[in-house]
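The block underneath contains the structure these notes are about, expressed in structure tokens.
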Amino acid sequence: MSGMAAVGAGGAERPRLSLRWREAINFYLFLAPWILGFLAFTAIPIIASLFLGFTKYNAISPPDFVGLKNFRFLYDDQIFWKSLRVTLTYTVVFVPLQLVSSLLLAMLLNLRVPSMRTIRTIYYLPSILPTVVTGLVWIWLFNADFGLINFFLYKAFEIRGPNWLGSERWVMSAVIISGLWALGGGVIIFLAALQNVPGEFYEAAELDGANILHRFWHVTVPMISPVILYNLMIAMILSLQVFTRIYVLTQGGPNYASYFYNLYVYDNAFSYLKLGLASAQAWILFVLILLLTVLALRTSGRWVHYSGGV
Amino acid sequence: MVLTRRRFLKSSAVAATSLALAACVPAEPSVDMPVGTGSDAEMTEITYLIRSDIGVKIQEWTDEAIADFATVEPNIAIETIGVPWGDYNAKLLAQYAAGDPPEISANYAAGFPTFYANDAIVALDELVSENNVDLSVIEQAALDAVTRNGKLWALPLAHLPTIVYYNLDALEEAGATVPPIDWADTSWTTDAMLASANAAAKDMDDPTKAQYGMIFGNGQLGVFEWLWGADPFNDVGGPEHTEAYKTGIVTESFYDSETMNTFIGWVYDAIYGGSPVSPRPSDTDAIQQLVGWPMMSGRIGMAINGAWSVTNFAAVEPSWRWGVGAFPYGPAGVNTSPLFNDSWMLGKGAKEQDAGFRFLQYLAVEKGAELYAQITGFFPAHKENYPIYFDSLMNIPNFALSREDAETALLDAFNYGYVTPGKTLDSYPEWNRTFNQTMGPIWNAEVSVADGLAQVQAQFESVIESKS
């Protein structure tokens with residue numbers, strides 16, 4: 001050990017770093033790649049976008065500070081309000097539908113039947129397929145004259161189906177239906193939660209005479225309510241940020257009827273060279289998502305039950 | 001040194017950090033190293049942003065041009081960055097934002113007017129003069145299209161009129177009139193084209209069997225209105241009266257005009273009228289998903305499109321005979337064909353201006369232009385390369401015209417053309433999006449033409465006001 005101790009000039013022993021300090025240095029050294037990555041690719045761009053939101057910036061010339069002009073412009077911009085209305089309408093309709101469908105599907109996939117693993121895999125497949133590819137398939141399915149959906153409607157009910165993607169009235173329904181197809185992510189989380197509900201709770205409820213609906217409402221729902229909250233927040237955030245599927249399916253048309261918020265952000269940034277305006281829009285969306293998330297969390301105390309009463 | 005656990009962990013952490021930092025550093029450019037001599041001389045590297053989504057031909061041309069350029073200028077190396085059309089603007093902007101614009105880029109997407117308006121490209125006149133570049137070999141109309149305030153802002157490689165393509169087998173079988181090659185033939189009118197389309201159309205009630213007479217379309221921002229003697233951006237007459245095409249700045253629009261109503265009504269009737277000849281948008285979308293440009297399905301008698309669509313025939317090699325003809329005369333007695341150009345620009349702020357211009361010169365007026373005409377299938381702006389282009393055109397299977405007729409059909413177009421808004425207006429993508437979005441309800445028969453155009457006008461007014 002003595003050989004390990006360094007002797008400095010003048011024979012004084014060099015003070016060694018304490019274990020706590022050495023651990024801290026090691027900790028930050030290991031963390032450094034991720035901290036640097038976070039700073040370079042997330043934190044700094046976020047801060048930069050906040051600054052750019054108050055500028056006129058086209059990426060070619062230096063940013064020009066314009067104060068609140070971008071926000072005032074958006075306040076008066078019909079397309080901004082339309083895109084916000086489209087996005088919120090989608091979220092309000094799609095999120096509950098997605099949650100209910102995911103939960104029902106998860107309950108079906110929780111049954112003990114042969115080949116259930118294979119069935120679960122099949123149901124998860126849409127979630128791992130590229131959105132662009134599935135978008136192209138949906139374009140075919142929704143085609144007014146050649147699409148399978150209208151073909152089925154006509155053959156089964158003799159109904160002439162609508163022009164799903166070309167009609168202002170129907171395009172939102174088409175977008176919602178296409179979104180409901182890929183429920184895999186939410187289903188997996190619900191499935192895991194369902195499998196963690198202790199079986200004795202159901203047995204006790206059954207002994208007390210609870211039927212299947214009672215058991216679902218008074219046992220299953222409370223027991224998985226934290227997961228419902230989690231899925232609700234994730235679905236809400238993703239719905240407000242939907243982009244790729246719409247870009248492929250409709251490009252926001254017709255007449256802006258499916259012009260989602262992020263599509264407008266993208267157009268302003270990369271098609272119209274208005275990066276300052278797009279940054280302001282991005283921050284408005286951020287604040288909106290933050291408010292809705294806080295609202296969901298605040299109200300969750302009334303219906304979310306954590307085991308142990310936490 | 002003893003490798004203790006602590007040393008190992010520290011070294012690993014330092015190595016991981018170094019790797020992460022290295023990943024953040026721009027990669028060494030994948031420079032296409034020139035062959036030949038000059039290894040002792042200092043190399044100059046320039047960046048060239050190319051479009052990667054129009055088939056292998058552009059890539060093939062780029063590769064061959066760069067390899068050949070290396071023999072001409074062995075001390076200039078080219079780094080190519082390929083991006084598809086949809087991402088071209090975004091990539092170009094990102095490069096400008098990073099303070100490292102490419103030396104050479106093309107006027108895709110936002111186009112030269114937008115980059116001109118934002119002071120992002122270099123006026124080429126001085127460089128042309130210093131390097132004794134002979135621009136007389138380039139079609140004057142193509143040069144005019146990239147000239148603003150008396151200065152030249154880009155060098156055109158492709159110059160493309162809008163023409164009528166036709167399926168000769170389908171038209172002959174129906175006994176329909178075949179579009180003429182003669183642009184001065186005033187008997188070839190929009191009504192004559194409609195009559196021909198009517199003759200060729202059959203089984204229109206059944207989209208799975210229908211043989212469509214024609215796809216007419218509306219042109220960029222509705223400029224096929226030119227045939228009706230008007231323009232969306234002035235209330236006097238044709239495009240020559242539109243100030244916005246000269247300045248790039250749109251200050252007024254007239255989408256609810258009587259002429260626009262008549263023109264759009266005419267196209268609408270061709271789709272939804274009592275005797276339809278054109279596919280509905282949903283049918284067009286379906287055919288497009290199967291074969292790309294619907295004309296290639298063999299189920300369309302005639303289709304109007306830019307001369308670049310010749311490349312579709314080269315790629316698909318249809319089994320039916322096809323040809324190209326003149327744009328029809330409209331009710332106003334004109335057959336003004338929207339002209340497109342693909343022009344290459346020198347980025348302002350790019351590090352190697354001289355080397356960049358040297359390469360631009362090579363692409364536009366030297367061997368690069370020759371290879372462009374030979375390989376890409378795009379109509380060249382370089383007049384001396386016309387024979388090369390027509391040689392390749394004549395090699396496409398089932399092309400029904402003689403070489404002489406093909407030359408007439410394509411070359412005469414320039415005498416009747418006017419540059420399309422996509423190549424003259426600043427912020428074209430925004431105007432284009434506004435137009436396409438608001439025209440949707442009309443083309444999908446959700447509103448009347450008059451109500452739909454009133455909406456288009458209102459939206460244009462709103463965008464114009466937001467820009468003022």
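Letters go in sequence order (proteins before strands), and every chain restarts at 1. Computed from a predicted model, the values in this text were never measured in an experiment.
- The part of Asp87(B) that comes within reach of chain A is its side chain, from C-beta onward, which places non-hydrogen atoms under 4.5 angstrom from that chain.
- At a 4.5 Å heavy-atom cutoff, the contact between Thr438(B) and chain A is made by backbone and side-chain atoms alike.
- Taking CZ of Arg433(B) as the reference point, atom OH of Tyr256(A) lies at 8.0 Å (rounded to 0.5 Å).
- For the atom pair Leu165(A) CG and Asp285(B) CG, the distance stands at 8.0 Å (nearest 0.5 Å).
- Using a 4.5 Å cut-off between heavy atoms, Asn58(A) contacts chain B through both its backbone and its side chain.
- Counting heavy-atom neighbours within 6.0 Å of Trp283(A) CH2, excluding the residue itself, gives a total above 12.
- The candidate with the highest count of non-hydrogen atom pairs below 4.5 Å against chain B, out of Ala257(A), Pro62(A), Ala269(A), Gly166(A), is Gly166(A).
- Chain B forms more heavy-atom pairs under 4.5 Å with one residue of Leu136(A), Asp77(A), Asp76(A), Ile35(A) than with any other, namely Leu136(A).
- Looking at Glu465(B), there are no atoms closer than 4.5 Å to chain A (heavy atoms on both sides), in backbone or side chain.
- Heavy-atom distances place no part of Gln95(B) under 4.5 Å from chain A, backbone and side chain included.
- For the options Gln437(B), Gln459(B), Lys348(B), heavy-atom pairs under 4.5 Å to chain A are most numerous at Gln437(B).
- Within a 6.0 Å radius of OH in Tyr272(B), other residues, nucleotides and ligands contribute more than 12 heavy atoms.
- For chain A, the nearby part of Arg280(B) is the side chain; its heavy atoms alone come within less than 4.5 Å.
- How far CG of Leu92(B) is from CD1 of Ile60(A): 7.0 Å, rounded to the nearest 0.5 Å.
- Ranked by heavy-atom pairs under 4.5 Å with chain B, the first of Trp164(A), Tyr266(A), Phe73(A), Tyr57(A) is Phe73(A).
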Can you check salt bridge (charged side-chain N to carboxylate O under 4.0 Å, His left out) on Glu430(B) and Lys274(A), steps first, answer last? CA-CA 11 Å; Glu430(B) 190 168 1; Lys274(A) 296 175 182 172; 2.9 Å; yes
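- Ranked by heavy-atom pairs under 4.5 Å with chain A, the list Ala286(B), Gly349(B), Gly440(B) is led by Ala286(B).
- In terms of heavy-atom pairs under 4.5 angstrom with chain A, the leader among Ala90(B), Gly99(B), Pro207(B) is Pro207(B).
- Within 6.0 Å of NZ on Lys82(A) lie more than 12 heavy atoms contributed by other residues, nucleotides or ligands.
- Between Thr114(B) and Leu273(A) the shortest side-chain heavy-atom distance falls below 4.5 Å.
- Between chain B and the options Pro254(A), Ser61(A), Gly147(A), Ala144(A), heavy-atom pairs under 4.5 Å are most frequent for Pro254(A).
- For chain B, the option among Asp145(A), Thr250(A), Asp267(A) with the highest count of heavy-atom pairs below 4.5 Å is Asp145(A).
- Note that OH of Tyr272(A) is 11.5 Å distant from OH of Tyr428(B), once rounded to the nearest 0.5 Å.
- For Pro281(B), no part lies under 4.5 angstrom from a heavy atom of chain A.
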Residue pair Leu93(B), Leu275(A): steps toward the side-chain contact (heavy atoms from CB on, under 4.5 Å) verdict: CA-CA 10 Å; Leu93(B) 283 180; Leu275(A) 276 89; 4.3 Å; yes
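- Taking a 6.0 Å sphere around CZ of Phe243(A), one finds it holds more than 12 heavy atoms contributed by other residues, nucleotides or ligands.
- The CD1 atom of Ile139(A) sits 12.5 Å away from atom OG of Ser282(B), with the distance rounded to the nearest 0.5 Å.
- Within a 6.0 Å radius of CD in Gln78(A), other residues, nucleotides and ligands contribute 12 heavy atoms or fewer.
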